[in-house]
Amino acid sequence: MEFREPTIADCDQIEAYRQAFEKNQEVIHGGAGLVESPTAKDWIEGLADFKTAETVPEGFVPARTYLAIQDQKVVVLLNLRLTLNAYLRQIGGHIGYSVHPDHRKQGIGSAMLAQSLVKAKQFGLKNVLVTCEEANRASAKVIENNGGKLTEKVIDPEDGAVICHYWIDLT
């Protein structure tokens, strides 16, 4: 499995990834605005704005977005936020990710989260917050398998979901 930032050459596979989630009427967690972008090319070009504090759009934080590619298909999309704002402290955390519906329950999410922790450490993070809804036991297991320790649960004011906060020590 290849773990890297997206390039223009990935546009068709990114569109296929988006369509798989649309077909299942699912949210792309860690999508970094993919759903709102008119095309994958626009989305990839826009990711450059998130690389520095000087260029990041207002209300957002510097971040990097990664793909997991397996058999020339995007199987995971992950967004690594390099700092937290108020929303991310409550709901989103440092890392958001989604696994293609056809590639779940294969250990890919755990492998991708492990790779992102290496990147987080390279960016100087010492601890990362990873969150998931309490009802999402699959995500909780992925986080726990990567050293996540449940520290608290909060209520999402938008939909009332219980959000579990897991901290992972990178030191």
Side-chain angles (χ1 to χ4, degrees), residues 1-51 56-57 59-61 63-81 87-88 90-117 119 128-146 148 153-166:
M1 184 168 37
E2 185 181 5
F3 177 72
R4 61 173 172 75
E5 292 186 67
T7 68
I8 297 299
D10 299 315
C11 284
D12 289 345
Q13 286 305 316
I14 291 168
E15 288 295 349
Y17 187 88
R18 178 177 13 200
Q19 289 169 8
F21 278 82
E22 287 174 1
K23 178 183 171 191
N24 288 352
Q25 299 178 346
E26 294 182 30
V27 173
I28 300 176
H29 294 285
L34 175 60
V35 172
E36 296 81 16
S37 289
T39 68
K41 182 177 185 283
D42 292 328
W43 176 71
I44 292 167
E45 290 171 349
L47 291 176
D49 292 341
F50 288 85
K51 291 194 174 186
V56 70
F60 291 89
V61 300
R64 294 294 191 285
T65 299
Y66 299 97
L67 306 175
I69 309 287
Q70 186 176 53
D71 299 326
Q72 300 177 358
K73 293 181 182 171
V74 175
V75 295
V76 175
L77 181 60
L78 183 140
N79 187 243
L80 171 62
R81 297 109 186 188
Y87 173 79
L88 294 173
Q90 277 297 106
I91 307 299
H94 283 100
I95 299 170
Y97 61 92
S98 55
V99 178
H100 189 290
D102 295 342
H103 296 275
R104 294 180 182 149
K105 298 183 180 180
Q106 299 174 18
I108 293 171
S110 288
M112 184 72 162
L113 183 55
Q115 289 290 322
S116 71
L117 296 174
K119 292 287 186 187
V128 294
L129 173 63
V130 186
T131 67
C132 70
E133 289 188 9
E134 184 176 49
N136 190 342
R137 282 304 307 151
S139 281
K141 187 172 171 117
V142 165
I143 298 164
E144 291 165 358
N145 286 345
N146 278 280
K153 297 178 183 181
V154 300
I155 304 297
D156 185 337
E158 288 186 23
D159 63 9
V162 176
I163 306 297
C164 297
H165 284 207
Y166 291 88

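Here, residue 1 is the first one in the sequence, and each next residue gets the next number. Bear in mind that the values here come from a model prediction, so they are computed numbers and not experimental data.
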Quiz prompt | salt bridge (charged side-chain N to carboxylate O under 4.0 Å, His left out): pairs with one or both residues in residues 7-18, sequence neighbours excluded | solution = Arg4-Asp10, Glu15-Arg18
Quiz item: How would you list, by chain and number, every residue that makes a ring pair (Phe, Tyr, Trp, His ring centres under 6.0 Å) with Tyr87, sequence neighbours excluded?
Solution: none
Quiz item: Which residues pass the side-chain contact (heavy atoms from CB on, under 4.5 Å) test with Thr131, sequence neighbours left out?
Solution: Leu129, Ile163, His165
Quiz item: Donor-acceptor pair, Trp43 side chain versus Ala32 backbone, under 3.5 Å?
Solution: yes
Self-check item: Residue pairs fulfilling side-chain hydrogen bond (donor to acceptor under 3.5 Å, both in side chains) with at least one residue in residues 67-77, sequence neighbours excluded
Solution: none
Quiz prompt | Sequence neighbours excluded, every pair satisfying side-chain hydrogen bond (donor to acceptor under 3.5 Å, both in side chains) that has a member inside residues 102-116 | solution = Glu26-Arg104
Practice problem: Give a yes or no on this: more than 12 heavy atoms of other residues, nucleotides or ligands lie within 6.0 Å of atom CZ of Phe60. | Solution: no
Practice problem: Compare every heavy atom of Leu113 with every heavy atom of Ile143, then report the nearest pair and how far apart it is. | Solution: CA-CD2, 3.9 Å
Practice problem: Sequence neighbours left out, what passes side chain to side chain donor-acceptor pair (under 3.5 Å) with Ser139? Give chain and number order. | Solution: Asn136
Self-check item: Residue pair Gly93 / Arg81: nearest heavy atoms and the distance that separates them
Solution: O-NH1, 3.1 Å
Practice problem: Please list, chain by chain and in numerical order, all residues satisfying side chain to side chain donor-acceptor pair (under 3.5 Å) with Tyr17, sequence neighbours excluded. | Solution: Ser98
Self-check item: Exercise: identify the closest heavy-atom pair between Gly30 and Leu77
Solution: O-CG, 3.8 Å
Quiz item: What is the distance from atom NE2 of His100 to atom CD1 of Ile108, rounded to the nearest 0.5 Å?
Solution: 10.0 Å
Practice problem: Kindly give the heavy-atom pair with the smallest separation between Leu67 and Met112, and that separation in Å. | Solution: C-CE, 3.6 Å
Practice problem: For side-chain contact (heavy atoms from CB on, under 4.5 Å), just list the numbers for Thr39 and Cys11, CA-CA rounded to whole Å, side-chain angles, deciding distance to a tenth of an Å, and then say yes or no. | Solution: CA-CA 8 Å; Thr39 68; Cys11 284; over 6 Å; no
Quiz item: Under a 4.5 Å cut-off applied to non-hydrogen side-chain atoms, are Val162 and Ile155 in contact?
Solution: yes
Quiz item: Which residue pairs pass the salt bridge (charged side-chain N to carboxylate O under 4.0 Å, His left out) test when at least one of the two sits in residues 39-51, sequence neighbours left out?
Solution: Glu5-Lys51, Lys41-Glu45
Exercise. Supply the atom-to-atom distance Leu80 CG to Leu117 CG, rounded to the nearest 0.5 angstrom.
Key: 8.5 Å
Self-check item: Residues that Arg64 engages under salt bridge (Lys or Arg N to Asp or Glu O under 4.0 Å), provided they are two or more places apart
Solution: none
Practice problem: Return the set of residues passing side-chain contact (heavy atoms from CB on, under 4.5 Å) with Ala111 (not counting sequence neighbours), or none when no residue passes. | Solution: Met1
Quiz item: For Glu134, which residues count as a salt bridge (Lys or Arg N to Asp or Glu O under 4.0 Å) partner, sequence neighbours excluded?
Solution: Lys153
Quiz item: Looking only at heavy atoms, what is the nearest atom pair of Ile91 and Pro157, with distance?
Solution: CD1-CD, 4.2 Å
Self-check item: Residue pair Leu78 / Thr65, side-chain heavy-atom distance below 4.5 Å
Solution: no
Quiz item: Can you name the residues that form a side chain to side chain donor-acceptor pair (under 3.5 Å) with Tyr166, not counting sequence neighbours?
Solution: Glu144
Quiz item: Which atom names give the shortest non-hydrogen contact between Val130 and Tyr97, and what distance separates them?
Solution: CG1-CE2, 4.4 Å
Self-check item: Ring geometry between Phe3 and Tyr66 (parallel below 30°, tilted from 30 to 60°, perpendicular above 60°)
Solution: parallel
Practice problem: Quick one: pull up CD1 in Ile95 and CG in Asn79 and give me the separation to the nearest 0.5 Å. | Solution: 9.5 Å
